[in-house]
Participant: 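The structure is given below, and queries will be raised subsequently.
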Amino acid sequence: MTTRTSIGTSAGTGSSTGGHEQAVLDAERWTAQNYHPLPVVISEAQGAWVTDIHGRRYLDCLAGYSALNFGHRHPELIKVAREQLDRITLTSRAFLHDQFAGFCRDLAELCGKDMVLPMNTGAEAVETGIKVARKWGYRVKGVPEGMATIVVAEHNFHGRTTTIISFSTDKTARDDYGPYTPGFRVVRFGDLAAMREAIDDTTVAVLLEPIQGEAGVIVPPPGYLAGVREICTAQNVLFLADEIQSGLGRTGATFACDHERVVPDAYLLGKALGGGIVPVSAMVADRDVLGVLRPGEHGSTFGGNPLACAVARAVVGLLRTGEYQRRASDLGRHLHRRLRDLVGQGLTGVRGRGLWAGIDIDPALMTGRRACELLLERGVLAKDTHGSTIRLSPPLVVEPEELDWAVDQLAAILRR
Ligand SMILES: Cc1ncc(COP(=O)(O)O)c(C=O)c1O
C-alpha cells in the first residue's frame, strides 16, 4: 500500500549536519519549550515513511499519535484536498456549504448515530462532550443547575484545555494551571465497583478512553466497557467514549468500543478524522443528546469548514471499506506476537490492541527517551511516555516486512 524503497537506508550524504543543527537551535530559540522533540528535522513524507532534511528516511512508528492512521499523504485524501483547495476552503458556520451535510451524514452513519457536531481539535471535541452532557443533565435528566458531575478515569488524557486538565491526574499536565474547573470525579480505570460508587443523582456522564493511550496504551480488563455501559444505562448517565486516539481503525475495529460490542452515547473523534491533512474533530451522538443545543450556544469558526469536511468525508470512505481495520487487526496480531518475544529480552511488558502497542523498556537498561533516541539512529521514529514506556502506533498502511524491520531495530537496541 505504500510507496517503498529499501528499508532503513540513508539516501542523503549524512556528511553535513549544519542545516540540521541550525534548525534544532532555531526551534529552541523561537518556540515555547512545551515539547521535547527528538532531534530529527523532517521535510517530506509518504505512506509510512518520513525523510529528513538530509534525505535520511525513517519509518514513522508514531504516526502523529494515530492522526496518520492512513499514512502520510494518502493519495486519495491528497486528491480530495487538492480539489477542495481549488474550490472553497472556508465559509464559517454562518453559511452552509456543499461539503457539510454529506460529511456529517456519512460520519453519523459510520458511527450508527443520528448527528454530528464538527470541531477541529480533540480537546474541542472533549469540551463539546462535557458541555453537551452538562446541558443534557440539566435539561433532560433534571440535575439541579450547577450541580452536574462527570466521572473520569485516573491517568486519563483528554487534551490540554483548562477544564480538561482540571481532572487530569498527571502533575505535569495539571500543576500551576489552577483554579480548576469543578464537577469531575476520578476513579480507577478498570474498576467497575469504583465507577458504581462514584455515580449519584448529579452524574450526567462517564468520560473514558476505551484504551488509555497517553497512559501507555492501557487496555481495561475484559468486560469493563460493557460493565460501564450497563451502569450508565441503569443510572441514566451518558457514556462518552473518547475514541480520539483509539478510534477510526487503530485497534483493528472502527472503534475500540466495538471489541466489547459496546455502543456509547457519544463518540468523541479527532486525529485520524482529518486524514493527517487538516485538524478535524467531532462529537457524534443521537438526537436526544446533541439535540439539546440551540443556535449560538456552542461553535467554532473553523469547525466543519469545507476543506475539513471534504477530507474527513474521504476518510470515512476509506474506513467504510473495512480494509484499514483488517490491516490493523492482522498486522497488530503479528506485531504483538513479535513484541511478546522480547519480554525478558529488554522489555518488561507489552500491551495494546490492533496496531497499537505500549512497551515497557527494562529501566535497568535505559529510559524510554534513550530508547527512542537509539531507534531514531536506526531509522525508526517512536515516542516515549512516562519514563520507560514507548508507544508504537505505525500507520495502518505499513507493510509486514517494514513492521518486522522496526521490531528488529528495537531488538537490536535492547541487545546493546
Ligand atoms: C484520547 C485523547 N483525547 C483527546 C486528545 C486531545 O487531542 P488534541 O491534541 O487534538 O487536542 C488526545 C491527544 O493526544 C487523546 O489522545
Side-chain angles (χ1 to χ4, degrees), residues 32 34-37 62-69 117-133 150 152-170 172-174 177 181 184 186 189 205-220 225 228 239-251 254-257 264 266-284 300 302-305 308 311-312 315 351-358 382-386 389-393:
N34 57 329
Y35 280 91
H36 184 201
L62 179 63
Y65 304 93
S66 289
L68 289 153
N69 277 1
L117 195 165
M119 297 293 281
N120 310 284
T121 64
E124 284 177 299
V126 174
E127 287 277 352
T128 303
I130 291 167
K131 286 174 70 178
V132 169
I150 294 179
V152 298
E154 215 177 4
H155 306 304
N156 67 72
F157 186 85
H158 297 284
R160 299 289 194 173
T161 65
T162 318
T163 287
I164 292 172
I165 57 92
S166 293
F167 55 85
S168 171
T169 54
D170 178 353
T172 315
R174 189 174 192 269
Y177 300 124
T181 307
F184 297 94
V186 183
F189 187 59
V206 167
L207 168 64
L208 289 177
E209 299 156 83
I211 294 175
Q212 291 190 319
E214 183 72 20
V217 195
I218 310 294
V219 183
L225 297 176
V228 170
F239 182 1
L240 310 180
D242 179 345
E243 293 255 15
I244 287 165
Q245 197 168 160
S246 59
L248 309 183
R250 172 56 57 190
T251 65
T254 304
F255 301 109
C257 283
Y267 293 101
L268 306 177
L269 304 175
K271 294 197 191 287
L273 192 55
I277 299 175
V278 270
V280 187
S281 68
M283 175 174 180
V284 189
S300 151
F302 290 94
N305 68 71
V311 171
V315 163
R351 300 165 298 281
R353 180 160 276 165
L355 204 45
W356 197 18
K383 179 73 176 82
D384 57 302
T385 183
H386 301 295
T389 299
I390 297 182
R391 280 163 296 179
L392 296 177
S393 53

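Atoms within each ligand, like the ligands themselves, are counted from 1 in listed order.
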Participant: Do any heavy atoms of Lys271 fall under 4.0 Å from ligand 1?
Facilitator: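 A heavy atom of Lys271 does come that close to ligand 1.
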Participant: Hey, are the side chains of Glu209 and Ser246 touching, using non-hydrogen atoms and a 4.5 Å cut-off?
Facilitator: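 A side-chain contact under 4.5 Å is absent here.
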Participant: Within a strict 4.5 Å, meaning less than it, do heavy atoms of the Val278 and Phe302 side chains meet?
Facilitator: no
Participant: Out of all atoms in ligand 1, which are within 4.0 Å of some heavy atom of Ala123? Include the element for each.
Facilitator: 6 (C), 7 (O), 8 (P), 11 (O)
Participant: Looking at side-chain heavy atoms only, is the closest gap between Leu355 and Arg250 below 4.5 Å?
Facilitator: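 In short, these two side chains touch, coming nearer than 4.5 Å.
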Participant: Give a yes/no verdict on whether any heavy atom in His158 is under 4.0 Å from an atom of ligand 1.
Facilitator: yes
Participant: How far is atom 8 (P) of ligand 1 from the closest protein heavy atom, and which atom is that?
Facilitator: Gly122 N, 3.5 Å
Participant: Show the nearest heavy-atom pair for residues Val126 and Leu268, with the distance to one decimal.
Facilitator: CA-CD1, 3.9 Å
Participant: Which residue and non-hydrogen atom of the protein lie closest to atom 16 (O) of ligand 1, and at what distance in Å?
Facilitator: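 The closest one turns out to be Gln245 NE2, 2.7 Å.
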Participant: Consider every N or O of Gly159 and every N or O of ligand 1, then say whether any pair is closer than 3.5 Å.
Facilitator: no
Participant: Could you grab the distance from atom CD of Glu127 to atom OG of Ser300, nearest 0.5 Å is fine?
Facilitator: 12.5 Å
Participant: Within the structure, is a non-hydrogen atom of Tyr65 found at a distance of less than 4.0 Å from ligand 1?
Facilitator: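 False for this residue.
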Participant: Parallel, tilted or perpendicular: which fits the ring planes of Phe167 and Phe184, with parallel below 30° and perpendicular above 60°?
Facilitator: tilted
Participant: What are the atoms of ligand 1, with element, lying closer than 4.0 Å to any heavy atom of Asp242?
Facilitator: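 Near Asp242, meaning under 4.0 Å from one of its heavy atoms, ligand 1 has 1 (C), 2 (C), 3 (N), 4 (C).
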